[in-house]
Amino acid sequence: MITLVRTISTRSVLYVKETVDRSRVPTINDEDLEEMFVKGHGPGGSAVNTTSNCVVLKHIPTGIVIKCHSSRWLDVNRKTARELLITKLDNMINGSMSVENQMKSLEEKKHSSSERKKRKLRELKEKWKEREKLK
């Protein structure tokens, strides 16, 4: 749950609770997955070339394939691959109501509020300069 705080003025603060709906996130059954371990690539020298710690995860019902080699540890790569698969399925099934898109929209609201405050401050500064005849 994410809680955003918005300031109305310098004296009062309005608490607006905006949460991310995680109830629509799909669950994955192990029977629906095909998991393979392959040799990795990239930096790491001979250690990467000799160990099969890269995880290739295929979701059979949708055909989505995830390849994860973000760590040298197999367990970490398995966990990361499953998280990536859940995120990709959530985006595909829920579209604009996916957790990732909800987080993006909250960030955009926060950013636009910040920009609005900056613009207002610039305008006030310009008015003050004109009033004081500093320009």
Side-chain angles (χ1 to χ4, degrees):
M1 179 182 354
I2 295 176
T3 304
L4 294 178
V5 177
R6 293 188 182 152
T7 304
I8 303 279
S9 68
T10 55
R11 293 186 182 158
S12 64
V13 175
L14 173 69
Y15 289 94
V16 178
K17 200 177 212 181
E18 296 185 35
T19 60
V20 174
D21 181 19
R22 296 181 188 273
S23 64
R24 298 180 183 198
V25 175
T27 56
I28 297 176
N29 297 328
D30 286 336
E31 300 86 37
D32 294 341
L33 297 178
E34 185 178 303
E35 191 172 39
M36 295 181 294
F37 307 109
V38 296
K39 292 183 181 179
H41 63 282
S46 60
V48 171
N49 299 332
T50 58
T51 57
S52 297
N53 57 3
C54 179
V55 177
V56 177
L57 198 61
K58 181 178 181 182
H59 188 247
I60 297 168
T62 58
I64 295 175
V65 177
I66 301 290
K67 186 175 181 182
C68 181
H69 188 242
S70 60
S71 171
R72 65 167 61 178
W73 308 111
L74 182 64
D75 294 334
V76 174
N77 287 334
R78 289 181 76 195
K79 183 179 177 184
T80 306
R82 290 174 192 274
E83 290 171 359
L84 290 171
L85 180 63
I86 288 172
T87 301
K88 194 168 254 194
L89 279 173
D90 186 33
N91 287 337
M92 186 179 84
I93 293 170
N94 296 323
S96 64
M97 290 304 294
S98 68
V99 172
E100 190 175 45
N101 287 331
Q102 290 180 47
M103 297 288 281
K104 283 181 185 177
S105 68
L106 286 175
E107 283 297 318
E108 287 172 1
K109 284 180 185 177
K110 185 178 173 182
H111 180 70
S112 67
S113 173
S114 172
E115 289 297 317
R116 190 171 41 252
K117 288 177 187 177
K118 288 178 187 177
R119 186 173 52 247
K120 186 175 180 180
L121 183 62
R122 275 194 309 267
E123 290 171 359
L124 288 172
K125 200 178 229 183
E126 289 295 320
K127 287 178 183 177
W128 176 79
K129 284 182 178 181
E130 287 176 9
R131 194 172 52 241
E132 297 295 322
K133 298 179 183 172
L134 296 175
K135 263 190 166 177

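Distance check: Trp73 CH2 to Thr51 OG1 gives 9.5 Å after rounding to the nearest 0.5 Å. Taken to the nearest 0.5 Å, the CG atom of Leu89 stands 5.0 Å off from the OG1 atom of Thr62. In this structure, the separation between NZ on Lys110 and OG on Ser105 is 13.0 Å, given to the nearest 0.5 Å. Taken from CG in Leu106 to NE2 in His111, the straight-line distance is 14.5 Å, to the nearest 0.5 Å. One finds the NZ atom of Lys79 at 11.5 Å from the OG atom of Ser71 (value rounded to the nearest 0.5 Å).
Arg82 pairs by the salt bridge (charged side-chain N to carboxylate O under 4.0 Å, His left out) definition with Asp30, Glu35, not counting sequence neighbours. Annotation: salt bridge (charged side-chain N to carboxylate O under 4.0 Å, His left out) contacts of Arg72 (sequence neighbours excluded): none.
Both Val65 and Val38 are part of a single hydrophobic cluster, where members link through side-chain heavy atoms under 4.5 Å apart. Under the 4.5 Å side-chain contact rule for hydrophobic residues, Met97 and Ile93 do not share a cluster. Linking Ile, Leu, Val, Met, Phe, Trp and Tyr residues whenever their side-chain heavy atoms come within less than 4.5 Å leaves Phe37 and Val56 in two separate clusters. Residues Val76 and Met36 do not share a hydrophobic cluster, clusters being chains of Ile/Leu/Val/Met/Phe/Trp/Tyr side chains in contact below 4.5 Å.
Between the side chain of Asp32 and the backbone N or O of His59, no donor-acceptor pair lies under 3.5 Å. Ser112 places a side-chain N or O within 3.5 Å of a backbone atom of Glu108 that can act as its donor or acceptor partner. A side-chain donor-acceptor contact under 3.5 Å links Asn77 to the backbone of Ser70.
Looking only at side-chain heavy atoms (C-beta outward), Ile64 and Met92 come within less than 4.5 Å of each other. Within the 4.5 Å cutoff, no side-chain heavy atoms of Leu84 are placed close to those of Leu57.
The two residues Val55 and Ala81 make their nearest non-hydrogen contact at CG1-CB, 4.1 Å. Between Arg22 and Val99, the shortest heavy-atom contact is NH1-CG1, 3.4 Å. Residues Glu31 and Ile60 share a closest heavy-atom pair of O-CD1, 4.3 Å. The two residues Ser52 and Lys39 make their nearest non-hydrogen contact at OG-CG, 3.7 Å. Annotation for Asn101 and Gly95: closest pair ND2-O, 2.5 Å, computed over non-hydrogen atoms.
For the residue pair His69/Asn53, the side-chain donor-acceptor check at 3.5 Å is satisfied.
With Glu100 as the fixed residue, the side chain to side chain donor-acceptor pair (under 3.5 Å) test singles out one of Thr87, Asn91, Asn94: Asn91.
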